Each structure stands twice: as C-alpha cells, then as structure tokens.
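One is the number of the first residue; the rest follow in order along the sequence. Both ligands and their constituent atoms are indexed starting at 1 by order of listing. Just so it is clear, the structure is predicted and the values come from calculations on it, not from any experiment.
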Amino acid sequence: MAPDVFAPARLGPVELRNRTVKAATFEGRTPDGQVTDALIDYHLAVAQGGVGLTTVAYLAVAPEGRTHREQVVVGAATEKGLSRLAEAIHQTGAKIAGQVGHAGPVANGRSNGVHALSASRMPSPLSMQMVRAASEADLARITAAYVATARTLVRAGFDVLELHMAHSYLISSFLAPGLNRRKDRWGGPLEGRARLARQVARAVKEEVGDEVAVTAKVSVSDGFRGGVTTDESLDFTAVLEADGHLDALQLSGGSSLMNPMYLFRGETPVREFAAAMPLPVRVGMRTPVGRKFLKEYDFHEAYFLDKALRFRERLSMPLMLLGGINRRDTMEQAMVHGFEFVAMGRALLREPSLVNELIAGREADGVCIHCNRCMPTIYSGTRCVVLDPA
Ligand SMILES: Cc1cc2nc3c(=O)[nH]c(=O)nc-3n(C[C@H](O)[C@H](O)[C@H](O)COP(=O)(O)O)c2cc1C
C-alpha cells in the first residue's frame, strides 16, 4: 500500500511529521543579508500550517554566489540569526532545510560588488558585465565554502541541507554543455561536467555525516538548447545515487538564466517582471529577445510528473515530486507512483495552512491560480499578490 502523505516519514536521519515539503521560494526578507523577524514569520506561517519541512531559500556559500546583495551569506556573521530561525520553526513541530548554493552565472555581479563566475566566460544579461570562468582555485575555495556552510547550518540547528544543482546556478552551469565549454577536467563528457556536483556532495556529506539529511535539487530537463536533457539528467542522477552521499533528490527543471517559465508554467507576468527589474533589464525584456526569454507554457497539475516518473523508474533513492502540486489527490497519486515526498512552492504562498486544511478534510484543492505574479515580488518581499495585493 502507498504511504500516507500526512503520516510521519524519515528523510535520511531526520524524522518528518509528514511527507509535505515547502519548496524554496526566495523570501525577499533579508535586506541586509541577515535573518529578520519577517523571514521567521514567513516560515512560521507554513510551519504552523502543517508542512513537514520548510526550506529556507537560497543561502549563499560565498559573497559572489548570491543572486544579488540582499541574500544571506552563511557564516559567523549570520549564524546567530539562522539559529533563531531554526529554533522558531522547531517549536511548531516542523523541520527546517536550508537551500545551499552558489548562483554562478545567475548572480548579479554589479549588485554583489564582485564579479559573477560560471563554468565558462559569458556575458551576463543581469549585470551587463562579463561572467568569468571559474579557476581551479575558485572551485577548491567554493567546495571548501560549501563545507563551511554545511557546518555552520548544522551548528545553527538546521535538519536538512538542500544542495542547489538546478536552474543554471553554478553547479548546474557546469552540467550544461551549452554553458560549459571547458577543455579541462571540469568540462567535456558528463563525467567532467558532473565533477563539481559530485565533489560538493561528497565533501558536504563527509563533513556532516548523519547529523543532518543532505538532499539536492536537480533538473529533470533544463528546457533550453545546450541545457541538460532528461536522458542526460537520468545518467547524472544515477551517478549521484551510486555515489551514495544524498538522502533524496527534489526534481525540478528549467533555467533561471535561459528559460525561467519552464520552471513554473502558467501565465507569464512580463509587465510585472519588467517593472521589478533594473533599468537595462527592463528595457531588454520589452525587446523580441526579452519576450522569447519569458516563454509561455500551459500549466497543468504536476507538470513534471511524466519526466519525474522516468527518474522514479531508474533510481531507487527517495525522490520529491515538485511542480504544480495543488491537490490532495495529486499528493496521494505521487505516493502511489513511489515518490517519497511532495514539494510545493506557490500553493503554499497562496495558502500557508494548506496542509492542515487538507489534513482536517476542509479542502481537497489548493486555490493558487498560477498567475505567477508572486515571482516578481521576490525583490520586494515575496508574497501571493492575490492574497495580499499591497
Ligand atoms: C516566488 C518564487 C521564488 C522562488 N525562489 C526559488 C529559489 O530561491 N530557489 C529555488 O530553487 N527555487 C525557487 N523557486 C522555484 C520553486 O522552488 C519551485 O521549483 C517552483 O515554484 C515550482 O513549484 P510550484 O509549482 O509548487 O510552485 C521559486 C518560485 C517562486 C514562485
């Protein structure tokens, strides 16, 4: 029989009160790069609303790894606030994950005051600067920074570390042949392009052992020519599974750099997005190239399911289904299909207490309309604009 999505479950060494996960949605509540009461309240809402695990979005391992300067860099200067956040969440009975990452080419070097870096040199549409190719020394430093970040988050009381390996962030930029044109051991065939992902997963696991769970957010397809295809991602995740350093994979897709709407589906809020962007990007988005960047994809419930099922077939490690989950029957079907967890972003922005509502039997469906107008609010305090138009 399929497990009950609302009953307790283990994620590696961690016991969760149920199998629902709040996926990382950048909160926009850290204007000085520090945990704020507003950030804690944001996570308290979903934790009090019943999720098993809430994920703090984008915790950067290094200053140049922030997407922009308002993000938290994990370290001595931010540890106290992170502990306060973890403690508040634990009081609700939920567990807390930190999404650990380096934004690579998705970083805005101008905002950060330090150049972005990627697998290969490329122009940045975000900063209008060149993104430089990471050197051997950068990669050694960044791997060590993942380890230091992992240690700090464990000390701060986090239960789960989610390594960001999707969306064209640094590790994902190495995986994508179109973004990684390197001729050295970090490029070429999948073995080279996956080296950074594997090295980081191994180093983090060796540091934390079974003190916390370690997961990764991976792509079922990057959704652009030159990105990682489903076939290649199947091979990549099989290697991650064989390495044995991860407790679960969260199955995402798309690219924040090349094709963001592949991640979300549904309406494309071009006007709202353009208004939230710095001036050069705003102008660029009104051009045909800019419009091509924000493609339209029809929304349907659990839109990554077809691809995710191929991963379920190939892998035996625990998987989290993500992407357009709003309904109780979808969650139950995910269990029937053999996924161990369901992760949700927008449905929980719309209704932080959705899980408790479903448990109480008051609702069967979430009410998110996938208008995606929450996306541009990441620059001003992430929220559902239907729920909170202010
Ligand atoms: C406002 C917003 C911010 C997001 N920020 C992040 C992020 O910081 N890191 C990440 O990996 N994904 C981020 N995502 C993507 C979500 O984690 C998730 O992959 C996507 O929304 C699809 O899931 P859903 O259909 O349940 O919303 C964000 C999504 C939204 C709507």
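Within the 6.0 Å centre-distance limit, the rings of Tyr169 and Tyr58 are counted as a close aromatic pair.
With a 6.0 Å cutoff to the six-membered ring centre and a 45° limit on the axis angle, Arg265 does not count as a cation-pi contact of Phe299.
Remark: Leu59 CG to Leu82 CG distance equals 6.0 Å, nearest 0.5 Å.
The number of heavy-atom neighbours closer than 6.0 Å to CD of Glu296, taken from other residues, nucleotides and ligands shown, is above 12. At most 12 heavy atoms of other shown residues, nucleotides or ligands fall within 6.0 angstrom of atom CD in Glu191.
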Identify all pairs of nitrogen or oxygen atoms, one from ligand 1 and one from the protein, separated by less than 3.5 Å, and list them with distances.
residue	atom	partner	partner atom	Å
ligand 1	5 (N)	Phe26	N	2.8
ligand 1	8 (O)	Phe26	N	3.4
ligand 1	9 (N)	Gln99	OE1	2.9
ligand 1	11 (O)	Gln99	NE2	2.8
ligand 1	11 (O)	His164	NE2	3.1
ligand 1	11 (O)	Lys217	NZ	2.9
ligand 1	12 (N)	Ala24	O	3.3
ligand 1	12 (N)	Lys217	NZ	3.2
ligand 1	14 (N)	Ala24	O	3.3
ligand 1	17 (O)	Ala24	O	2.6
ligand 1	17 (O)	Lys217	NZ	2.8
ligand 1	19 (O)	Lys217	NZ	3.4
ligand 1	25 (O)	Tyr303	OH	3.4
ligand 1	25 (O)	Gly324	N	2.6
ligand 1	25 (O)	Arg346	NE	3.4
ligand 1	25 (O)	Arg346	NH2	2.6
ligand 1	26 (O)	Gly345	N	2.8
ligand 1	27 (O)	Arg346	N	2.8
ligand 1	27 (O)	Arg346	NE	2.8

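Applying the side-chain hydrogen bond (donor to acceptor under 3.5 Å, both in side chains) test between His167 and each of Ser255, Ser252, Ser173 identifies Ser252 as the sole match.
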